[in-house]
Novice: 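Sharing a structure here in C-alpha coordinates format.
Every number for a ligand or one of its atoms is a count from 1 in the order of the listing.
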Amino acid sequence: MTTTTLITVAPTGAESAKADVPALPVTLDELVATAKECEAVGASVVHVHIRDAAAKPTLDLGRLRETVAAMRSSTDLIVQLSSGGAVTDPESDRLAVLEAGPEMASCTMGTVNFGDDVFMNRWQFVVDLHSRMQERGIVPEYEIFDLGHLAALQRLLGRYGLPAGGHVHCDLVMGVPGGMPGTTEALVACVGAMRDLPEGTTFSATGIGRTAVPVLLASLSAGGHLRVGMEDTITYAKDRPVESNAQLVARAAAFARLAQRPPMTTTEARALLGISVTR
Ligand code: KMH
Ligand code: ZN
(Lines give C-alpha, C1' and ligand atoms only; values in the text may rest on other atoms or scores of the structure.)
(Ligands and ions follow the chains in the order given, each with its own letter.)
Protein backbone atom coordinates (compact mmCIF):
# COMPACT_ATOMS: atom_id res chain seq x y z
CA MET A 1 0.00 0.00 0.00
CA THR A 2 1.39 3.39 -0.97
CA THR A 3 2.21 5.74 1.89
CA THR A 4 1.55 9.04 0.15
CA THR A 5 -1.16 10.48 -2.10
CA LEU A 6 -0.86 12.02 -5.55
CA ILE A 7 -3.31 14.91 -5.79
CA THR A 8 -4.20 16.19 -9.23
CA VAL A 9 -6.19 19.37 -9.62
CA ALA A 10 -8.43 19.86 -12.65
CA PRO A 11 -9.24 23.55 -12.22
CA THR A 12 -11.30 24.51 -15.27
CA GLY A 13 -12.56 21.82 -17.66
CA ALA A 14 -14.54 22.57 -20.78
CA GLU A 15 -18.08 22.25 -19.52
CA SER A 16 -18.86 25.08 -17.07
CA ALA A 17 -19.45 28.65 -18.24
CA LYS A 18 -17.70 31.52 -16.48
CA ALA A 19 -21.02 33.37 -16.37
CA ASP A 20 -22.52 30.53 -14.32
CA VAL A 21 -19.44 29.85 -12.19
CA PRO A 22 -17.62 33.14 -11.49
CA ALA A 23 -14.89 31.41 -9.44
CA LEU A 24 -13.82 29.29 -12.46
CA PRO A 25 -10.26 30.19 -13.55
CA VAL A 26 -10.37 31.00 -17.27
CA THR A 27 -7.64 33.55 -18.00
CA LEU A 28 -3.96 32.69 -17.94
CA ASP A 29 -3.46 34.85 -14.86
CA GLU A 30 -6.36 33.15 -13.07
CA LEU A 31 -5.07 29.73 -14.05
CA VAL A 32 -1.54 30.44 -12.80
CA ALA A 33 -2.82 31.96 -9.54
CA THR A 34 -5.03 28.90 -8.99
CA ALA A 35 -2.16 26.53 -9.75
CA LYS A 36 0.10 28.27 -7.22
CA GLU A 37 -2.59 28.14 -4.52
CA CYS A 38 -3.27 24.45 -5.22
CA GLU A 39 0.42 23.54 -5.16
CA ALA A 40 0.72 25.27 -1.78
CA VAL A 41 -1.99 23.07 -0.26
CA GLY A 42 -0.95 19.71 -1.71
CA ALA A 43 -1.48 19.33 -5.46
CA SER A 44 1.37 17.92 -7.54
CA VAL A 45 -0.29 17.65 -10.98
CA VAL A 46 -2.46 20.17 -12.82
CA HIS A 47 -4.83 18.87 -15.54
CA VAL A 48 -5.22 21.83 -17.86
CA HIS A 49 -8.03 22.97 -20.15
CA ILE A 50 -7.78 26.51 -21.44
CA ARG A 51 -10.25 29.16 -22.59
CA ASP A 52 -10.13 31.88 -25.26
CA ALA A 53 -10.63 35.62 -24.79
CA ALA A 54 -14.38 35.05 -24.57
CA ALA A 55 -13.85 32.35 -21.90
CA LYS A 56 -14.90 29.60 -24.33
CA PRO A 57 -12.96 26.32 -24.43
CA THR A 58 -10.14 26.33 -26.98
CA LEU A 59 -7.21 24.15 -28.06
CA ASP A 60 -5.34 27.06 -29.62
CA LEU A 61 -1.73 25.91 -29.77
CA GLY A 62 -0.22 29.32 -29.09
CA ARG A 63 -2.29 29.71 -25.94
CA LEU A 64 -1.44 26.16 -24.86
CA ARG A 65 2.29 26.81 -25.27
CA GLU A 66 1.99 30.06 -23.32
CA THR A 67 0.11 28.23 -20.57
CA VAL A 68 2.70 25.45 -20.29
CA ALA A 69 5.49 28.05 -20.09
CA ALA A 70 3.67 30.14 -17.48
CA MET A 71 2.90 27.12 -15.30
CA ARG A 72 6.53 26.00 -15.50
CA SER A 73 7.94 29.36 -14.54
CA SER A 74 5.49 29.93 -11.67
CA THR A 75 5.07 26.44 -10.18
CA ASP A 76 6.76 23.05 -9.92
CA LEU A 77 3.49 21.28 -10.74
CA ILE A 78 3.48 18.55 -13.38
CA VAL A 79 1.58 20.08 -16.29
CA GLN A 80 -0.86 17.63 -17.81
CA LEU A 81 -2.62 19.05 -20.86
CA SER A 82 -6.07 17.75 -21.71
CA SER A 83 -6.18 16.04 -25.09
CA GLY A 84 -9.89 15.52 -24.50
CA GLY A 85 -10.77 19.17 -24.92
CA ALA A 86 -14.48 19.76 -25.38
CA VAL A 87 -16.85 17.21 -26.98
CA THR A 88 -16.93 19.41 -30.10
CA ASP A 89 -13.16 19.47 -30.68
CA PRO A 90 -11.88 17.68 -33.82
CA GLU A 91 -9.36 14.87 -33.50
CA SER A 92 -6.66 16.85 -35.37
CA ASP A 93 -6.76 19.66 -32.78
CA ARG A 94 -6.75 17.15 -29.94
CA LEU A 95 -3.63 15.45 -31.35
CA ALA A 96 -1.95 18.83 -31.90
CA VAL A 97 -2.14 19.54 -28.15
CA LEU A 98 0.98 17.36 -27.80
CA GLU A 99 2.97 19.96 -29.79
CA ALA A 100 2.72 22.31 -26.80
CA GLY A 101 5.29 20.07 -25.06
CA PRO A 102 3.69 19.18 -21.73
CA GLU A 103 5.22 16.61 -19.37
CA MET A 104 1.90 14.76 -19.37
CA ALA A 105 -1.32 14.62 -21.37
CA SER A 106 -4.60 12.83 -20.91
CA CYS A 107 -5.54 9.90 -23.14
CA THR A 108 -9.15 8.76 -22.91
CA MET A 109 -9.57 5.05 -23.47
CA GLY A 110 -12.87 4.94 -25.35
CA THR A 111 -16.04 6.63 -26.49
CA VAL A 112 -18.61 7.44 -23.85
CA ASN A 113 -21.99 9.10 -23.68
CA PHE A 114 -21.40 12.43 -21.94
CA GLY A 115 -24.65 13.88 -20.66
CA ASP A 116 -26.62 14.71 -23.81
CA ASP A 117 -23.42 14.60 -25.89
CA VAL A 118 -20.95 11.94 -27.01
CA PHE A 119 -17.26 12.12 -26.10
CA MET A 120 -15.72 10.40 -29.16
CA ASN A 121 -12.56 8.37 -28.77
CA ARG A 122 -12.24 5.95 -31.69
CA TRP A 123 -9.81 3.08 -31.26
CA GLN A 124 -7.49 4.34 -34.03
CA PHE A 125 -7.50 7.82 -32.52
CA VAL A 126 -6.52 6.40 -29.13
CA VAL A 127 -3.71 4.42 -30.78
CA ASP A 128 -2.45 7.61 -32.51
CA LEU A 129 -2.52 9.56 -29.27
CA HIS A 130 -0.69 6.84 -27.33
CA SER A 131 1.95 6.37 -30.07
CA ARG A 132 2.60 10.10 -30.52
CA MET A 133 3.04 10.46 -26.75
CA GLN A 134 5.54 7.58 -26.79
CA GLU A 135 7.50 9.28 -29.61
CA ARG A 136 7.55 12.64 -27.84
CA GLY A 137 8.32 11.33 -24.33
CA ILE A 138 5.02 12.66 -22.96
CA VAL A 139 3.63 10.60 -20.08
CA PRO A 140 -0.06 9.76 -20.49
CA GLU A 141 -2.74 9.65 -17.88
CA TYR A 142 -5.27 7.14 -19.19
CA GLU A 143 -8.78 8.47 -18.57
CA ILE A 144 -11.21 5.69 -17.69
CA PHE A 145 -14.89 6.60 -17.89
CA ASP A 146 -16.20 3.04 -17.89
CA LEU A 147 -15.09 -0.47 -16.94
CA GLY A 148 -14.55 -1.51 -20.56
CA HIS A 149 -11.99 1.28 -20.99
CA LEU A 150 -9.63 -0.76 -18.80
CA ALA A 151 -9.94 -3.72 -21.17
CA ALA A 152 -9.19 -1.31 -24.02
CA LEU A 153 -6.09 -0.12 -22.14
CA GLN A 154 -4.88 -3.70 -21.68
CA ARG A 155 -5.31 -4.22 -25.44
CA LEU A 156 -3.52 -0.95 -26.24
CA LEU A 157 -0.50 -1.74 -24.07
CA GLY A 158 -0.36 -5.34 -25.33
CA ARG A 159 -0.26 -4.21 -28.96
CA TYR A 160 1.65 -0.95 -28.80
CA GLY A 161 3.78 -1.18 -25.66
CA LEU A 162 4.25 0.75 -22.45
CA PRO A 163 3.98 4.54 -22.35
CA ALA A 164 6.91 6.93 -22.10
CA GLY A 165 8.55 6.47 -18.71
CA GLY A 166 7.32 2.87 -18.47
CA HIS A 167 4.74 3.49 -15.74
CA VAL A 168 0.99 3.11 -16.27
CA HIS A 169 -1.27 5.58 -14.47
CA CYS A 170 -5.05 5.71 -14.88
CA ASP A 171 -7.62 8.22 -13.73
CA LEU A 172 -11.09 6.85 -13.01
CA VAL A 173 -13.59 9.55 -14.01
CA MET A 174 -16.73 8.43 -12.24
CA GLY A 175 -20.28 9.71 -12.24
CA VAL A 176 -20.46 11.21 -15.75
CA PRO A 177 -24.04 10.70 -16.96
CA GLY A 178 -23.41 7.95 -19.52
CA GLY A 179 -20.31 6.50 -17.87
CA MET A 180 -19.74 4.36 -14.79
CA PRO A 181 -21.39 5.55 -11.58
CA GLY A 182 -19.47 7.25 -8.80
CA THR A 183 -19.81 4.41 -6.33
CA THR A 184 -17.52 2.27 -4.21
CA GLU A 185 -18.80 -0.81 -6.06
CA ALA A 186 -17.77 0.61 -9.44
CA LEU A 187 -14.38 1.66 -8.11
CA VAL A 188 -13.77 -1.79 -6.66
CA ALA A 189 -14.73 -3.35 -10.01
CA CYS A 190 -12.12 -1.13 -11.70
CA VAL A 191 -9.48 -2.09 -9.13
CA GLY A 192 -10.20 -5.75 -9.96
CA ALA A 193 -9.86 -5.11 -13.69
CA MET A 194 -6.57 -3.26 -13.14
CA ARG A 195 -5.01 -6.52 -11.95
CA ASP A 196 -4.70 -7.40 -15.65
CA LEU A 197 -2.62 -4.27 -16.29
CA PRO A 198 1.18 -4.14 -15.82
CA GLU A 199 2.42 -4.62 -12.28
CA GLY A 200 2.77 -1.32 -10.46
CA THR A 201 -0.09 0.37 -12.35
CA THR A 202 -1.49 3.20 -10.25
CA PHE A 203 -4.77 5.05 -10.36
CA SER A 204 -6.44 8.19 -9.18
CA ALA A 205 -10.18 8.72 -9.07
CA THR A 206 -12.53 11.63 -9.33
CA GLY A 207 -16.26 11.77 -8.77
CA ILE A 208 -18.36 14.18 -10.80
CA GLY A 209 -20.74 16.47 -8.93
CA ARG A 210 -22.15 15.02 -5.75
CA THR A 211 -20.12 11.81 -6.11
CA ALA A 212 -16.91 13.77 -5.38
CA VAL A 213 -16.59 12.92 -1.70
CA PRO A 214 -17.77 9.27 -1.84
CA VAL A 215 -15.31 8.58 -4.69
CA LEU A 216 -12.50 10.36 -2.83
CA LEU A 217 -13.08 8.19 0.25
CA ALA A 218 -13.38 5.00 -1.79
CA SER A 219 -10.17 5.75 -3.67
CA LEU A 220 -8.17 6.45 -0.55
CA SER A 221 -9.40 3.27 1.10
CA ALA A 222 -8.54 1.23 -2.00
CA GLY A 223 -4.97 2.59 -2.18
CA GLY A 224 -5.77 5.00 -4.99
CA HIS A 225 -4.83 8.61 -5.58
CA LEU A 226 -7.07 11.66 -5.98
CA ARG A 227 -8.17 14.12 -8.62
CA VAL A 228 -10.29 17.07 -7.55
CA GLY A 229 -11.21 20.43 -9.03
CA MET A 230 -13.85 22.62 -10.58
CA GLU A 231 -13.73 20.67 -13.85
CA ASP A 232 -15.54 17.92 -11.95
CA THR A 233 -17.31 19.61 -9.02
CA ILE A 234 -18.69 23.10 -8.60
CA THR A 235 -20.61 22.41 -5.38
CA TYR A 236 -18.60 21.99 -2.17
CA ALA A 237 -21.57 20.77 -0.14
CA LYS A 238 -25.34 21.06 -0.41
CA ASP A 239 -26.27 24.68 -1.26
CA ARG A 240 -22.59 25.71 -1.03
CA PRO A 241 -20.79 26.54 -4.29
CA VAL A 242 -17.07 25.82 -4.50
CA GLU A 243 -15.14 28.99 -3.65
CA SER A 244 -11.85 27.97 -5.23
CA ASN A 245 -9.92 25.00 -6.52
CA ALA A 246 -7.60 25.32 -3.54
CA GLN A 247 -10.59 24.71 -1.27
CA LEU A 248 -11.10 21.33 -2.98
CA VAL A 249 -7.39 20.46 -2.90
CA ALA A 250 -7.18 21.40 0.79
CA ARG A 251 -10.12 19.11 1.57
CA ALA A 252 -8.54 16.25 -0.39
CA ALA A 253 -5.21 16.79 1.35
CA ALA A 254 -6.92 16.74 4.76
CA PHE A 255 -8.65 13.45 3.95
CA ALA A 256 -5.35 12.04 2.68
CA ARG A 257 -3.62 12.99 5.92
CA LEU A 258 -6.44 11.39 7.92
CA ALA A 259 -5.88 8.23 5.88
CA GLN A 260 -2.20 8.38 6.93
CA ARG A 261 -1.22 9.03 3.31
CA PRO A 262 -0.20 12.70 3.12
CA PRO A 263 0.08 14.51 -0.21
CA MET A 264 3.09 13.71 -2.38
CA THR A 265 5.62 16.35 -3.26
CA THR A 266 6.07 17.17 -6.93
CA THR A 267 9.43 15.36 -6.85
CA GLU A 268 7.78 12.22 -5.48
CA ALA A 269 5.01 12.53 -8.06
CA ARG A 270 7.53 12.71 -10.94
CA ALA A 271 9.31 9.63 -9.59
CA LEU A 272 6.00 7.73 -9.33
CA LEU A 273 4.81 8.65 -12.80
CA GLY A 274 8.13 8.05 -14.55
CA ILE A 275 8.65 11.67 -15.52
CA SER A 276 12.27 12.65 -15.92
CA VAL A 277 13.20 16.04 -14.56
CA THR A 278 14.02 18.43 -17.40
CA ARG A 279 13.73 21.74 -15.55
N1 KMH B 1 -14.15 17.64 -21.48
C2 KMH B 1 -14.43 16.27 -21.70
C3 KMH B 1 -15.24 16.12 -22.94
C4 KMH B 1 -9.82 15.01 -20.80
O5 KMH B 1 -9.55 16.10 -20.36
O6 KMH B 1 -8.97 14.31 -21.35
C7 KMH B 1 -13.20 15.46 -21.81
C8 KMH B 1 -12.23 15.54 -20.73
C9 KMH B 1 -11.21 14.47 -20.69
O10 KMH B 1 -12.20 16.44 -19.91
ZN1 ZN C 1 -10.36 17.18 -18.64
Novice: Has the side chain of Glu39 got a donor or acceptor atom that lies under 3.5 Å from a matching backbone atom of Ala35?
Specialist: no
Novice: Please test His47 against Thr8 for side chain to side chain donor-acceptor pair (under 3.5 Å), starting from the C-alpha separation and ending with a verdict.
Specialist: CA-CA 7 Å; His47 169 85; Thr8 298; over 6 Å; no
Novice: What atoms of ligand 1 come closer than 4.0 angstrom to any heavy atom of Glu15?
Specialist: 1 (N), 2 (C), 3 (C)
Novice: List the closest protein heavy-atom neighbour of atom 10 (O) of ligand 1: residue, atom name, distance to the nearest 0.1 Å.
Specialist: Glu231 OE2, 2.9 Å
Novice: Around the Zn ion (ligand 2), how many protein N, O or S atoms are there at under 2.8 Å?
Specialist: 3
Novice: What side-chain hydrogen bond (donor to acceptor under 3.5 Å, both in side chains) pairs are there with at least one residue in residues 105-124, not counting sequence neighbours?
Specialist: Glu91-Arg122, Arg94-Asn121
Novice: Quick one: ring-ring contact (aromatic ring centres under 6.0 Å, His included) partners of Phe145, sequence neighbours excluded?
Specialist: Phe119
Novice: Checking a contact table here: which protein heavy atom is nearest atom 6 (O) of ligand 1, and how many Å away?
Specialist: Ser106 OG, 2.6 Å
Novice: Within the side chain of Arg155, is there an N or O that forms a donor-acceptor pair under 3.5 Å with the backbone of Leu150?
Specialist: no
Novice: Please assess His130 against Tyr142 for the test side chain to side chain donor-acceptor pair (under 3.5 Å), listing each intermediate value before the final yes or no.
Specialist: CA-CA 9 Å; His130 172 80; Tyr142 298 105; 3.0 Å; yes
Novice: Minimum distance, heavy atoms only, to atom 5 (O) of ligand 1: which one of Pro57, Gly84, Ser82 is it?
Specialist: Ser82
Novice: Nearest 0.5 Å, what's the CG-CD distance between Asp196 and Gln154?
Specialist: 4.5 Å
Novice: Running the 4.5 Å side-chain criterion over Ile, Leu, Val, Met, Phe, Trp and Tyr, what cluster does Leu272 land in, apart from itself?
Specialist: Leu6, Val45, Ile78, Met104, Val139, Met264, Leu273, Ile275
